[in-house]
Amino acid sequence: MGVDEGPAGVDRPVEESDLKEPMAEDPGGECGDVKAETVAMVTTAGSEELTGTGAQTETAPRSWKWSVIYLCIYGFMSAIKPGEPFITPYLLSTEKNFTREQVTNEINPVLSYSYMVVLVPVLLLTDFLRYKPVLVVQGLSQVAIWLLLLLGSSLPHMQLMEFFYGVTMAARVAYSSYIFSLVTPGLYQRVASYSRTAVLMGVFFSSVLGQLCMSLGDVSYTTLSGVSLGFVLLGLLLSLCLPWPKRSMFFNRTHQHQQQQLRELVEGEGDTEATKAERDLMNPAGVKAPASPALPPWRWCTLSWRQSVFLQMLGEVRGVVREPNLRLWCLWWVFNSTGYYLVLFYVHILWNKVYPATENKHVYNGGVEAVSVLLGAITSFLAGLVKIRWNLWSELLIGVITALQAGLLLLMGLTDNIWVCYVAYALFRGFYQFLVPIAIFQIASSLTKELCALVFGINTFLGTIVKTIITLIVADKRGLGLDVHDQFLVYFFYFALLTVIYMVCAAVVITRHYRRQSGGGASALAMPSELSPTAAVESQSDVEPHSNGKPAST
């Protein structure tokens with residue numbers, strides 16, 4: 001909100017954006033992906049107008065139910081790629097015969113670059129094209145990935161495969177968004193839970209199937225990749241049969257609003273308040289005035305750009321940085337998610353170096369991924385039960401968890417025991433998944449839906465940029481080209497630096513709070529809040545979500 005993200009040379013963990021629910025439930029996938037799922041809320045804006053009322057749901061319940069069921073089946077089947085956790089061993093095996101340095105410093109970095117390049121176009125086109133074309137492109141990209149893995153033998157082939165994996169990752173936001181175009185807002189929570197469960201079950205089934213094939217079936221990596229190709233071909237066929245929404249939600253909602261703003265601007269451009277008042281006095285009966293003269297096309301384009309809803313929302317984002325709690329969780333999203341995905345991208349190379357298995361049955365990547373997915377789901381659920389004063393303790397909580405993650409990274413970078421690496425990796429993912437729903441709630445509960453979607457989109461894009469810069473400096477052969485163990489030491493120092501910053505901020509916030517309390521002043525930080533939309537409403541019953549960065553009193 002979301003599991004299946006990782007480079008082709010790194011046995012892909014599932015992208016978080018695919019597993020997140022919108023702010024009503026988790027607190028995408030992904031607002032939802034992150035995993036992306038975070039960006040999925042862009043497409044839910046204005047959906048009441050376009051998806052209909054509760055009465056419409058009652059008149060045709062079977063229609064949306066069957067559509068949701070079919071989409072969940074598609075989500076389950078598209079997540080089944082049993083060869084995915086074993087891509088790194090495949091590339092390093094005698095079947096492909098790439099070196100560890102090639103995989104680490106030349107193949108894997110392409111994923112970050114391609115993902116950054118295609119992310120923004122995909123985010124902008126997903127709703128405009130009404131989801132289905134993006135899902136079809138995703139299916140085609142997955143087919144290209146496994147065809148290149150099966151038939152490709154050169155370094156450029158594998159780098160091209162990484163490019164298609166970047167396209168696949170960016171296109172996952174379409175699945176998170178699509179399901180909300182099928183139902184009314186009152187059903188968002190239910191359908192989000194269905195889609196989340198479908199993807200989780202698909203990832204779990206895929207990881208277990210892959211591990212059983214390797215450990216018990218004694219199949220080759222090539223055979224397992226062929227099985228994965230069959231599943232992604234089935235997913236592509238299912239995407240072609242998806243129902244096509246009649247209208248997009250976000251763009252359709254804003255079009256009429258923009259046109260009305262343009263008319264008002266053209267008809268009243270240059271008028272002062274006094275002039276308007278005089279005009280009203282001269283025409284008390286409200287007789288319709290002649291139509292305003294036509295403007296040249298360039299003038300309409302200028303006015304349209306000035307009145308763009310997107311630009312207006314960008315201006316409103318400036319208010320977010322003035323809110324300490326929103327700023328904290330946005331920064332956490334950008335910087336901690338960057339380190340998290342870098343670890344996911346390269347951890348399988350680390351495993352192969354710590355324990356270079358000579359037989360397929362000795363590779364347990366699939367089982368570890370399955371366990372980590374379940375642990376992440378459990379910690380995400382537990383996060384919803386936490387009740388603390390977030391405005392007071394957020395920095396400290398983030399600092400403690402970031403410190404634990406730094407310790408786990410140091411352990412993974414120094415140990416020679418593969419089982420220690422496995423356990424540390426599962427715990428590392430679990431700690432991150434614990435904070436993701438908290439971050440979504442803390443950001444989403446204070447913003448309007450449209451502004452919230454834009455903030456999450458900006459956070460995701462900024463995190464992708466930071467991740468790409470670090471990849472270029474640390475992993476790419478054109479940069480430092482570090483060995484995987486050295487990379488994990490760099491990631492340890494990265495998380496350690498974040499820990500110091502969070503702890504210093506926590507000390508400042510807590511000190512100010514208790515000084516204010518000792519001075520007898522009322523503190524807004526004393527108000528407890530919990531990870532629940534209901535709690536947010538009860539504790540802030542007289543405040544509307546932020547717009548332009550300021551709370552609007554009801």
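Because only heavy atoms are used, hydrogens play no part in the values below, and waters and symmetry mates are left out as well, while side chains stay in. Heads up: numbering here begins at 1 and tracks the sequence.
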Sub-4.5 Å side-chain heavy-atom contact between I438 and W329 | yes
### Query
Is the count of non-hydrogen atoms from other residues, nucleotides or ligands lying under 6.0 Å from F335 atom CZ greater than 12?
no
To the nearest 0.5 Å, atom CD1 of I510 lies from atom CH2 of W393 at 4.5 Å
- Query: Do N336 and Y494 have side-chain N/O donor and acceptor atoms under 3.5 Å apart?
  - Reply: no
*Do the ring planes of W332 and Y432 sit parallel (below 30°), tilted (30 to 60°) or perpendicular (above 60°)?*
parallel
**Report entry** Side-chain touch M116/I465, heavy atoms, less than 4.5 angstrom
**Finding:** yes
Taking the ring of F495 and the ring of F428, is the distance between their centroids below 6.0 Å? yes
Show the atom names and distances, to 0.1 Å, of all donor-acceptor pairs under 3.5 Å that link a side chain in residues 409-418 to residues at least two apart or in another chain.
from	atom 1	to	atom 2	distance (Å)
T415	OG1	N417	N	3.1
N417	OD1	W419	N	2.8
N417	OD1	V420	N	3.4

Q) When you check the side-chain N and O atoms of E369 and Y425, is any donor under 3.5 Å from an acceptor? A) yes
Can you find a pair of side-chain heavy atoms, one from T379 and one from F431, that are under 4.5 Å apart? no
In this structure, NE2 of H348 is separated from CG of N108 (nearest 0.5 Å) by 11.0 Å
Handout entry: Contact check, side chains of I378 and Q433, non-hydrogen atoms, under 4.5 Å
Key = no
Output for pair (L435 CG, L397 CG), nearest 0.5 Å, gives 5.5 Å
Heavy-atom nearest pair, A439 first then W333, reads CB-CE3, 3.9 Å
To the nearest 0.5 Å, atom CZ of F492 lies from atom CG of D486 at 14.0 Å
| request: May I ask you to test the L342-Q487 pair for a side-chain heavy-atom distance under 4.5 Å? | output: no
Counting heavy atoms not belonging to M503, are there more than 12 under 6.0 Å from its CE? yes
**Asked** Between V354 and H485, is any pair of side-chain heavy atoms under 4.5 Å apart?
**Response** yes
*asked:* Atom CZ of residue position R512 - does it have more than 12 heavy atoms of other residues, nucleotides or ligands inside 6.0 Å?
replied: no
* Can you find a side-chain donor-acceptor pair between T471 and D476 that sits under 3.5 Å? -> no
message = Looking at G463, is its backbone amide N or carbonyl O close enough to the side chain of T338 to form a donor-acceptor pair, meaning the two atoms are under 3.5 Å apart?
response = yes
Interatomic distance, CG@N365 vs CH2@W351, rounded to 0.5 Å, equals 5.5 Å
Nearest heavy-atom approach of C330 to V455 is SG-CG1, 3.6 Å
What I'd like to find out is whether the side chain of S394 reaches to under 4.5 Å of the side chain of N325, using heavy atoms alone. yes
Taken to the nearest 0.5 Å, the spacing of L328 CG from E395 CD works out to 4.5 Å
